[in-house]
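Okay, structure first, notes after.
In this chain, residues are counted from 1 in sequence order. For the numbers below, each heavy atom of this structure counts, side chains included, while hydrogens, waters and symmetry mates do not.
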Amino acid sequence: MNTPRRILTFATAMALGVAPMLFAQTYPTGNDPRNGLKPGKYDAGEAGEGLRLVSFSKKPAQFDSVAGLRFINSDLAFGGHYVYEGNFAGFMVWDVANPAQPKMVAVVPCITSQGDPSIVGHLLFISAEGNGNRNDCGPQGVKDMADHMAGVRIYDVSNPAAPKLVKNVQTCKGSHTHTVIPDPKNKDVIYIYVSGQQGVRPDSTKYGCIGSTDPNDVNSSLYRLDVIRVPLKHPEQAAVVTGARIFTGLSPAAQSEMRKAAMAARASRGGRRGGARNAVTGQAGAAQAGAATSAAAAPAAERADPMSTGPRNCHDVTAYPYIHRLAGACASYGLLVDITDPEHPVRLDAAADTNFSLWHTAVFSNDGSKVVFTDEWGGGTAPNCQATSMMQMGGNAILTIKDEKQMTEHAYFKIPTAQSAQENCVSHNGGLLPVPGRDLMVQGWYQGGIDISDFSNPDHPFEVAYYDRGPIDQPNDTSKASARSRYTIGGSWGAYYWNGYIYSSELARGFDVYELTPTDKLSANEIAAAKLVRMTQYNPQSQPHYTFPAAFPVVRSYLDQLVRNNGLSSDRTTAIDKTLTTAESQKGAARAATLTKLAAQVDKDANGASDAPRVKTMASEIRRLAAGAK
């Protein structure tokens, strides 16, 4: 199916905080297979292109509830043949040695909200935010602040079937999300950057927190990300060692009228500026599980809401240790940060977009030349992918990075289908799909399903593949209504490629595994090349760098791309394909000779080719393959 591309491209470079000139855009009016799918929790209609559902596993009985957000699933982390799935009320461990039949290894009830996980060796880290969380993981809520847990929980999962709590690391603003950053000088140490969305905790003095609302106060705990240092051999010694002060000097970002309206609606539900939370109740962007203490328990200074300042929190930060960079999705700004020294990060650039409601998360291209920021318009609980929803909000923005320090925004991308009013939908979490010569991102869009987009050309992103289910609820069934939505909140929290498969955490339903299938936008060779990338561990917010071995699928991926984009004449692509087929049937010196000769011919093909850089890269890959055959 040829789906119309839905993008908005900048006509000129955007000055910070100034509305850019954008091309007009509307939703496509064609008959997309995703439109009008049958509702149902477990029997909804399904539509897909380029993706096949391999397996679906229901939530365990302990978390099988759709009451508000108390038991929704959250993010994923990957280690060995295990997938760790977070939940607002604990976490699960799945054995995916056979992706067609995942096995539930462990269910750990622990009121945590929102429970985002990361795995490093045998240590599992879980984010905890809100005053409903207890040190002992109990569900009874917090009346005595001595029982309160807001920060990062550390578990020993040496035996994945029996996780053991090692330590609760308390932080000043709790942990909505967190990001692992390895110490570049000591392999036995990691740092955890903690993104806390609530205000400074009411029992702040106990943990050395300072609730000053002055953004110029260098001692304020409000305007920083807490940084935890973890000695991997002694995780019980993990502690907050510093604060990442990456907001200094940022003034409030300009807002479009659309964004002002969205923020006003968000504030009416208890939130503020990109989902930051009340210091005590922890309510807003995602409701907290468990009981909360009264707002009167917090000093007035700690409850103050400094609306006239720039950001004081990040929703997510994505580290790319390979290039010592971090992309901070910080409510009203997208930040680029140098993390060469994790204890002393340096902000390099800040981008604002008047149409962005909430800079939510980020994904770098593998070469570090681009970064995609997502906009979680509506906090993930609103139906913001309808035919009448604003196209300028709730999608992705693609930015290029010049000289590793300067960002320029280029275009927006949003899924090209109109979802129903029952479906919470907006751009959410994802990561790279490793394909040679392309920048592909797979991500969850809540009840908009999962989607793969190509942002290789930052001015012209387009959809590559998708898989979607119909809404969980019938149009008039509001029996599962909550303070956040008239309907059940569900869909894909995040979707990630891991060793040949795509895994998705479904908020209300459970756990999905998908497999790529060839289409005119993604070839069998490109899929085979992606499967050559193997990882032993993957935390999406700590982005790994991937490389490809010398292999025929890698060479053929470039050839398929040249055919697809008419980058080289058809007579030459046909001849190259024939020679590669001959080489595949050969061995040793004969194969090396055939490939070496072919590489020399392809070098000459670059002259006059419409996609000369790709032709040259293919020639280099042919040489690499020849060297391995000798």
Side-chain angles (χ1 to χ4, degrees), residues 46-59 73-86 91-105 117-119 160 363 366 428-436 438-445 449-454 463-469 491-507 509-519 521-549 551 553-554 557:
E46 299 177 351
E49 181 176 305
L51 287 167
R52 178 182 72 87
L53 181 63
V54 174
S55 65
F56 163 69
S57 303
K58 292 183 179 180
K59 295 169 71 172
N73 290 333
S74 58
D75 220 346
L76 302 175
F78 305 80
H81 55 86
Y82 296 101
V83 178
Y84 301 85
E85 183 177 22
F91 66 89
M92 295 147 280
V93 183
W94 297 93
D95 184 337
V96 294
N98 179 0
Q101 294 181 321
K103 296 179 180 179
M104 177 68 70
V105 174
S118 290
I119 184 76
V363 174
N366 193 53
H428 210 234
N429 293 0
L432 292 183
L433 169 61
V435 170
R438 300 177 72 179
D439 295 321
L440 302 183
M441 178 180 175
V442 56
Q443 67 181 129
W445 290 73
I450 70 171
D451 195 85
I452 299 175
S453 59
D454 185 321
E463 183 176 73
V464 173
Y466 64 83
Y467 199 95
D468 188 23
R469 292 184 175 97
S492 177
W493 179 282
Y496 308 102
Y497 184 86
W498 166 253
N499 294 345
Y501 295 88
I502 290 171
Y503 297 85
S504 171
S505 178
E506 221 287 356
L507 279 74
R509 294 178 172 108
F511 180 62
D512 291 320
V513 184
Y514 298 89
E515 189 172 35
L516 295 162
T517 60
T519 66
K521 300 183 185 72
L522 188 67
S523 71
N525 289 310
E526 290 173 310
I527 294 171
K531 289 182 178 180
L532 296 173
V533 176
R534 310 296 293 180
M535 293 178 281
T536 58
Q537 179 179 286
Y538 176 33
N539 296 307
Q541 280 72 45
S542 185
Q543 187 172 320
H545 177 74
Y546 60 79
T547 59
F548 297 93
V554 176
S557 292

Can you name the residues that form a ring pair (Phe, Tyr, Trp, His ring centres under 6.0 Å) with [X], not counting sequence neighbours?
{"X": "Tyr514", "value": "Tyr467"}
{"X": "His545", "value": "Tyr322"}
{"X": "Tyr82", "value": "none"}
{"X": "Phe548", "value": "Tyr546"}

Which residues pass the salt bridge (Lys or Arg N to Asp or Glu O under 4.0 Å) test with [X], sequence neighbours left out?
{"X": "Asp95", "value": "none"}
{"X": "Lys58", "value": "none"}
{"X": "Asp75", "value": "none"}

List in chain and number order the residues that pass side chain to side chain donor-acceptor pair (under 3.5 Å) with [X], two or more places apart in sequence or in another chain; answer none if no residue qualifies.
{"X": "Ser57", "result": "none"}
{"X": "Ser542", "result": "none"}
{"X": "Asp454", "result": "Arg438, Ser456"}

Kindly say whether [Y] contributes a backbone atom to a donor-acceptor pair with the side chain of [X] at under 3.5 angstrom?
{"X": "Ser557", "Y": "Asn525", "value": "yes"}
{"X": "His428", "Y": "Trp493", "value": "yes"}
{"X": "Ser505", "Y": "Gly494", "value": "no"}

Pairs satisfying side chain to side chain donor-acceptor pair (under 3.5 Å), at least one member in residues 528-541, at least two apart: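 Found none.
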
ring-ring contact (aromatic ring centres under 6.0 Å, His included) partner of Tyr503, chosen from Tyr84, Phe78, Tyr496: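 Running ring-ring contact (aromatic ring centres under 6.0 Å, His included) over Tyr84, Phe78, Tyr496 with Tyr503 returns exactly one hit, Phe78.
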
Sequence neighbours excluded - salt bridge (charged side-chain N to carboxylate O under 4.0 Å, His left out) pairs with any residue from residues 491-506: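 Residue pairs with at least one partner in residues 491-506: Glu506-Arg509.
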
